[in-house]
Trainee: 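Below is the structure I would like to discuss, written out as structure tokens.
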Amino acid sequence: MRNKVTKAIFPVAGLGTRFLPATKSVPKEIMTLVDRPLIQYAIDEARAAGIKEFIFVTSRGKGALEDYFDHSPQLENELRKKGKDDLLEILKSTNMDSGAIAYMRQHKALGLGHAVWCARRLIGNEPFAVILPDDVIAAEKPCLQQMVEAYEETGGNMVAAMEVPPEKASSYGVLDVQEDMGSMVSVKGMVEKPAPGTEPSNLAVIGRYILSPYVLKNLNKIKSGAGGEIQLTDAIAQEIGSDRGVYGYRFRGQRFDCGSKSGFLQATVAFGLSRDDLRDDLHGYLTGIMAAERAAQ
Ligand code: UTP
């Protein structure tokens with residue numbers, strides 16, 4: 001029997017420099033798409049995939065994240081007194097069971113690989129998921145749930161993969177594909193941010209992973225060797241050729257890069273248009289400005 005994936009790491013210790021000055025005092029993961037912070041989308045996706053333990057790798061200035069998942073007795077009492085049951089219900093999704101959430105500090109922003117490595121003692125010897133909250137994925141079946149179901153068949157290591165145009169490949173980790181099986185590919189190599197024109201395929205790695213604990217052992221070695229950023233991609237690539245192997249999973253859904261301003265704005269519009277309470281207003285506004293723009297040309 002394969003071990004179930006019940007733990008997820010949320011690396012949220014990055015500096016978020018692309019959103020300065022906002023991120024000087026507000027963690028990027030607390031920024032909201034419509035009325036829910038990015039981190040809430042990530043947590044909901046993890047819950048849907050059967051995750052029971054949520055491990056945040058944080059850094060200085062991320063206190064708002066811890067507060068967000070705390071109970072807020074005063075606010076809840078006020079809402080109860082006023083009979084605002086609908087709002088109380090909304091707040092429920094932000095409450096975590098006691099002991100289900102853990103915070104680990106990454107003292108220096110040494111890269112995503114290092115952030116994941118910081119959580120190694122909480123993972124132990126089990127497979128685990130990694131979710132990057134700035135990759136928001138709109139999907140009928142949440143992306144991590146799709147991956148967990150596929151992982152139950154394959155085991156090993158699995159990364160979410162998405163086709164990107166060649167000129168964009170140099171911004172991602174890119175897969176070198178051994179065998180293409182449709183929704184899944186087996187991987188014979190991985191290159192982090194390949195120089196333009198050298199990308200081995202158009203399949204880019206997106207911020208969802210299911211990893212074997214051996215990846216943490218690989219990070220151990222990289223950690224003691226490398227000086228600059230410690231890349232998660234390198235530690236996963238070391239699993240290629242092991243009994244476990246590495247797979248890319250072509251998820252069904254639309255991914256928004258909410259770590260970039262343009263991606264964040266696109267996600268805001270898309271999530272706004274998907275809401276019954278906002279669609280008509282927003283749609284009217286957007287068609288109005290598009291028409292005005294066309295008329296001005
Ligand atoms: P990014 O590459 O988006 O970096 O990190 P960033 O610092 O968040 O944002 P910019 O580029 O300065 O605007 C991808 C993910 O890895 C985490 C980030 O929090 C984000 O979820 N990360 C990155 C860490 O936890 N620690 C690191 O040292 C680096």
Side-chain angles (χ1 to χ4, degrees), residues 7-33 37-46 51 54-66 68-69 101-123 128-137 143-144 159-160 162 164 168-174 190-194 204-209 211 215-216 219 222-223 226-236 255-267:
K7 295 181 179 178
I9 301 177
F10 300 82
V12 291
L15 300 173
T17 53
R18 282 171 289 174
F19 280 96
L20 280 170
T23 43
K24 190 176 166 210
S25 65
V26 181
K28 177 169 64 175
E29 301 73 24
I30 286 291
M31 297 195 331
T32 54
L33 286 180
L38 292 184
I39 196 66
Q40 184 70 55
Y41 291 92
I43 290 285
D44 290 350
E45 186 177 329
I51 299 296
F54 305 80
I55 302 162
F56 287 81
V57 180
T58 67
S59 58
R60 182 176 292 277
K62 300 276 180 170
L65 263 173
E66 296 194 24
Y68 179 77
F69 288 114
I101 193 160
Y103 299 95
M104 186 58 80
R105 276 272 175 128
Q106 184 190 26
H107 292 107
K108 257 191 188 168
L110 290 176
L112 176 59
H114 181 262
V116 168
W117 179 81
C118 286
R120 66 199 177 284
R121 295 207 173 84
L122 295 174
I123 295 295
F128 60 99
V130 177
I131 296 188
L132 305 191
D134 33 3
D135 273 336
V136 175
I137 300 173
C143 178
L144 190 66
V159 299
M162 179 182 94
V164 295
K168 295 268 169 73
S170 59
S171 315
Y172 295 90
V174 178
M190 291 171 85
V191 194
E192 185 60 39
K193 302 192 174 59
V205 177
I206 299 305
R208 303 287 183 276
Y209 310 78
L211 300 175
V215 170
L216 298 172
L219 282 169
I222 298 176
K223 213 245 143 206
E229 277 226 332
I230 295 162
Q231 302 288 358
L232 184 59
T233 309
D234 295 342
I236 301 171
R255 173 258 189 178
F256 296 93
D257 175 10
C258 290
S260 78
K261 284 178 243 204
S262 166
F264 197 97
L265 288 171
Q266 288 168 32

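Each ligand, and each atom within it, is numbered from 1 in the order the structure gives.
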Trainee: Side-chain contact test, heavy atoms from C-beta onward, threshold under 4.5 Å: evaluate it for Cys258 versus Leu33 and give yes or no.
Mentor: yes
Trainee: Look at atom 16 (O) of ligand 1 and find which of Leu112, Ile9, Ile131 reaches it with the closest heavy atom.
Mentor: Leu112
Trainee: Just going by heavy-atom distances, which of Lys28, Glu29, Lys108 is nearest to atom 9 (O) of ligand 1?
Mentor: Lys28
Trainee: Considering the heavy atoms of Gly111, write down every atom of ligand 1 situated less than 4.0 Å from one of them.
Mentor: 26 (N), 27 (C), 28 (O), 29 (C)
Trainee: Under a 4.5 Å cut-off applied to non-hydrogen side-chain atoms, are Lys62 and Glu29 in contact?
Mentor: yes
Trainee: May I ask you to identify the nearest protein heavy atom to atom 7 (O) of ligand 1, giving residue, atom name and distance to one decimal place in Å?
Mentor: Leu15 N, 2.8 Å
Trainee: Around Lys168, counting heavy atoms of other residues, nucleotides and ligands shown, do more than 12 lie under 6.0 Å from its NZ?
Mentor: no
Trainee: Give me the residue, atom name and distance of the protein heavy atom closest to atom 12 (O) of ligand 1.
Mentor: Thr17 OG1, 2.5 Å
Trainee: Looking at Phe54 versus Phe69, is the centre-to-centre ring distance below 6.0 Å?
Mentor: no
Trainee: At what distance is the nearest protein heavy atom to atom 25 (O) of ligand 1, and which residue and atom is it?
Mentor: Ala13 N, 3.0 Å
Trainee: Can you name the one residue among Ile51, Val130, Ile123 that meets side-chain contact (heavy atoms from CB on, under 4.5 Å) with Lys7?
Mentor: Ile123
Trainee: Can you pull out the closest protein heavy atom to atom 17 (C) of ligand 1? Residue, atom name and distance to 0.1 Å, please.
Mentor: Pro11 O, 3.7 Å
Trainee: Test your reading of the structure: does Gly259 have an N or O sitting under 3.5 Å from an N or O of ligand 1?
Mentor: no
Trainee: Nearest non-hydrogen atom to atom 11 (O) of ligand 1 belongs to which of Lys62, Gln106, Arg18, His114?
Mentor: Arg18
Trainee: Show me which atoms of ligand 1 lie under 4.0 Å from any heavy atom of Ala115.
Mentor: 24 (C), 25 (O), 26 (N)
Trainee: If the cut-off is 4.0 Å to any non-hydrogen atom of Ala109, which atoms of ligand 1 fall inside it?
Mentor: 28 (O)
Trainee: Polar contacts were defined as any N/O atom of the residue lying under 3.5 Å from an N/O atom of the ligand; does this apply to Pro133 and ligand 1?
Mentor: no
Trainee: Quick one: CG on Leu216 to CZ on Arg120, what's the gap to the nearest 0.5 Å?
Mentor: 8.5 Å
Trainee: I'd like to know if the side chain of Gln106 reaches the main chain of Gly111, judged simply by a donor and an acceptor atom lying under 3.5 Å from each other, with no hydrogens or angles considered.
Mentor: yes
Trainee: So do Val215 and Val116 actually touch side chain to side chain, heavy atoms under 4.5 Å?
Mentor: no
Trainee: Answer whether the closest heavy-atom distance between the side chains of Tyr172 and Val164 falls below 4.5 Å.
Mentor: yes
Trainee: When only distance counts, is Leu110 in polar contact with ligand 1, meaning an N/O pair under 3.5 Å?
Mentor: yes
Trainee: For ligand 1, which is the ligand I care about here, please tell me if Val57 has any N or O atom under 3.5 Å from one of the ligand's N or O atoms.
Mentor: no
Trainee: For atom 23 (C) of ligand 1, what is the closest protein heavy atom, and at what distance to 0.1 Å?
Mentor: Gly14 CA, 4.0 Å
Trainee: Would you call His107 and Arg60 a side-chain contact if the rule is heavy atoms closer than 4.5 Å?
Mentor: no
